[in-house]
Amino acid sequence: MKKILIVDDEPNIVMALEYTLKKNDFQVFIARDGEEAIQMAQDKLPDVVVLDIMMPKVDGFEVLTQIKQNENLAHTKVIFLSAKNKASDIQKGMDKGADDYLTKPFSMKKILKTIEEQIRSSK
Amino acid sequence: MSNWFILGIILLYLGFLFLIAFLAERNKQSKWVNSPYVYALSLAVYCSAWTYYGSVGVAARSGVEFLAIYLGPVIAAPLWIIVLRKIIQLSKLHNVSSIADFISLRYGNNRSIGALVTIICAISIIPYISLQLKAISETFQIITSAEANPVEGFVFSDTTFYIAITLAIFASFFGTLSLDASKRRKGIMFSIAFESVLKLTFFLIVGIYVIFFVFDGTQDVYNQANEKINLSSLSSVGGISGGLNWYFTIVLSFLAIFLLPRQFQVSVVEFSDRSQLKKAIWVFPLYLFLFNVFVIFIAWGGIVKLGTQDFNPDYFSLLIPLENGHNWLAVLVFLGGFSAVISMVVVSTLALSTMLSNNLIIPYGFLKKFTKNESVKNEKYIKVIRRASIFSLILLAYILYSFFDQNVSLFAIGLISFLIIAQLVPSFFLGMYWNRGSSLGAKVGMISGLLVCFYTYVLPFFATVVYNNPSIQMNGPWGIEALRPYQLLGLDVLNPTTHALFWSLLVNFFMYAAFSVSFKGNYRERNYGEMFVNSEQVVAMKETAFVWKGEAYVADIQQLLIRFIGSARAEKALLIFRRRYQVNPEEKLADARFINFAERLLTGAVGSASAKILIGSVAKEKPVSLVEVLQILEENKETISSNKSLEAQSRKLMLLTNKLQQANEELQLQDQLKDDFLDTVAHELKTPVTSIQASSEVLSDGEDMPFALRKQFIENILNDTERLSILINDILDLEKLASGRAQLDLQKHDLVQTAKKAIQGVQHLADKRQVLLQFETDSISIMADYDHHKMMQVLTNLLSNSLKFVEERVGEIKLSLSSNKKQIFYQVIDNGKGISEEDLPHIFKKFYQSKNQNLKKQKGSGFGLAICKQIVELHSGSISAQANRTKGACIQVEFPKNTAS
């Protein structure tokens, strides 16, 4: 079972994501802020991280940087999921090394498709 | 002590001084050499051997009279600085190098006035230098216990002669390093400052020694002296006549501080920047004060221990330690006195030699020769003239010294010097403040004053003291009593010195004024008169203050400059001039500004009178009428002032541009903030929308979803919808308030009731979090005009904000109200996490979000405070967060009871 780490501080969004992913046979972990996300990524070595950008304590860009620096997480794919939808924001996210960038509001189908793509590409 | 021992010490000391001067000259830029203290201390060259030894003598003979000489400068220090500043300003502007130059320049570069002033200075100073030599020779005898008269026999066996020659070498070597006499001589000045410290230190040491080692403190000195002599006569001024004498002596010494050539040299020529004056104004008076603290005690001590019969009271400071067998101390005292002599002799001869060369010898003899020579040769000649002057002056003083009577006191000769130099007073001081003063008036005034001086002081002095013939003094010439030199026209309340001062200055002033008024000077004098009197403006006008008409060629003048100041300096000066006035280098004819500019350059090298003559030799000058002078000066002043107003205009324009730029930047910032605000708004809106969309999608796909979970998702959707609608309302509110479209429903309400309602509104939430809500008011009801609904919103916002930031169970929030006649105050205080210093200035800003846009702020802190601020301001009130709180936050609101007012 592939491991997915969801990082977002909005519980309602997290809940919907969690339900959908579990239903599709993923093992799901949840972090509510950047700090927790970095810790969780280290501990659980997820295959995909779904990452919000605006969060308390540590922002998504920093989390991404930390993940990229960690050799144990070389296989981990990072997908940004953010309300920031300006071209410059997306550019910035991709430049930092994200594997994909989805904007909120989003459709569950799109998320699932993107996650599966990423998992396939890592094989 | 043996001759050789003392001579050895003298030689060592002189060598040391040479070294100091040499090192200072080599390290011209060092902080030590340029310290303003060096300037302030070099002013103490005023304290010559006359001070060092003579004042003790006067104190022993006639009591506190000596103080007057030092009180003058101390009392007048503030006035001294004001006048000195003007003198310095003018001197620096015109490259003046001596007082003779200064006065001659004032009267239109007048050659004969320069010469006259030089002669007066020489007459005054040469005996003064002799006096210093006398002091050296006598103290040398005392300390080596030689009985013989120093001038007995051959000149070359006299130590004083060699010392005099050494001083001449010192002065001529370090004093003529630069051709430009108006240039500063840092080496000499540094050694002078050093000597000032030395002489004061040694004098203080001997003072303390006399009071505390020879006697048991000041009281003991007084008591013992009191037994021996009648002290009250020595410690009081003594009636009206004494008071007048005192008064005149103070005036005299005040004038001397400007006029003595050595003082002019150190205070004006060696001046370099304003910080020096700031130091001098207190250091110099303090120095004089310290110097005089112990004088009276040394004098009394001498009277008690030695008596005035067998010993010369002038040398008590030296004799007391010697008599007590403390030879080492005597040597120190001797060195202190020696320092006083050296500094006085060196600076005086330096100043006098400049005067002699630039105001007497060059303008009256060598000028023609110079105009034909090359610059290198000229420089050599001028330096040789100055060096020769230094040597001749010292030799002359030495010769005069060898004729001195042993019984003539130091003090008496010193006063003659002051008296003669005081004859410069009218032409010097009035010249600076009265534009009508003319050269003829100055000349007649000085000469007649000098004659009166000779008649009322020098003549009887020599007749009595030197030739032992007191008949003229007692009975007057030809037995006419009214002409008695010491009591002219029956004026008998003054002592001889002040008597002479009174009459000579009276005549001098009178003649100066009378001749100035009766005979107008030529246009050049008037020109300089105006320049000196209006020195402040002249400094701004520079060369344009000079009026000149005629024909002259730049090339000729350039040639002249090259000859006297060398081609390198001339080139540089020309460049500066052309740049300052934006003169075309091709311009062949010289204008008034250039003439004046060149004259100034030459003044530094050859003196003002010679400079004028030199320029005159290559320029055809046309006479200008007085009216024209004044007209041109007025015009130039106007140009200057219109230039100034132009400058002011452009400064204003600059300021406006800056303001515009600032406003633009502010606008850009606002724009940026607005963008950021919209971003934030969009983000805030998207979050619930995302949640609603995601939850709906899950629900629509999840037919097999358990009921409880389904219900949870539906609740989530409901919550997010509500959140969305609150958010939209807030944004609309804020937009409405900020754009000024919101209308206040102003009515009379009771704020106490409103506050209670607001508290009720949040009470439920507070209870849930177990937070303590307190309410405080200073009266039962506070009536005011406000919009009840909006004020509720403010209160609720503030309270819920606090609720968010305090911790569960320990949180405390207090709302307190108070009011006076016109204003209402309320504040919400909590013990929550507080407001960071960084955020404090921004929390009420409409579009402000925390700096790092990717970091989410505490939930709900969206627009609440910005809305509060808008509402309070609509009520003509203000809202602020209290700074510097160690714990929790405190938001204060105040607004007027009657908003309309």
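All chains are named by letter (A, B, ...) in the order of the sequence lines, taking the proteins before the strands, and each is independently numbered beginning at 1.
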Where on [X] is there a heavy atom nearer than 4.5 Å to chain B: the side chain, the backbone, both, or neither?
X: A:S107; value: both
X: A:K109; value: both
X: A:F106; value: both

| task | Please indicate whether B:E807 has more than 12 foreign heavy atoms, meaning atoms of other residues, nucleotides or ligands, lying under 6.0 Å from its CD. | result | no
| message | Are there over 12 heavy-atom neighbours, none belonging to A:H75, within less than 6.0 Å of that residue's NE2? | response | yes
| message | Checking side-chain polar atoms at under 3.5 Å, does A:N12 have a donor or acceptor matched by the opposite partner on B:D720? | response | yes
| Nearest non-hydrogen partners of B:T690 and A:P105, listed with the distance | OG1-CA, 3.4 Å
| remark: Of all heavy-atom pairs linking B:A694 and A:A16, the shortest is CB-CB, 3.7 Å
| request: Answer yes when B:K686 and A:E10 have at least one side-chain N-carboxylate O distance shorter than 4.0 Å, and no when they do not. | output: no
| B:L709/A:M15 under side-chain contact (heavy atoms from CB on, under 4.5 Å): CA gap, chis, key distance, verdict | CA-CA 10 Å; B:L709 201 57; A:M15 195 177 154; 3.9 Å; yes
| request: Answer yes or no: is there a side-chain heavy-atom contact under 4.5 Å between A:M108 and B:V698? | output: yes
| said: Any non-hydrogen side-chain atom of A:T20 less than 4.5 Å from a side-chain atom of B:D701? | reply: no
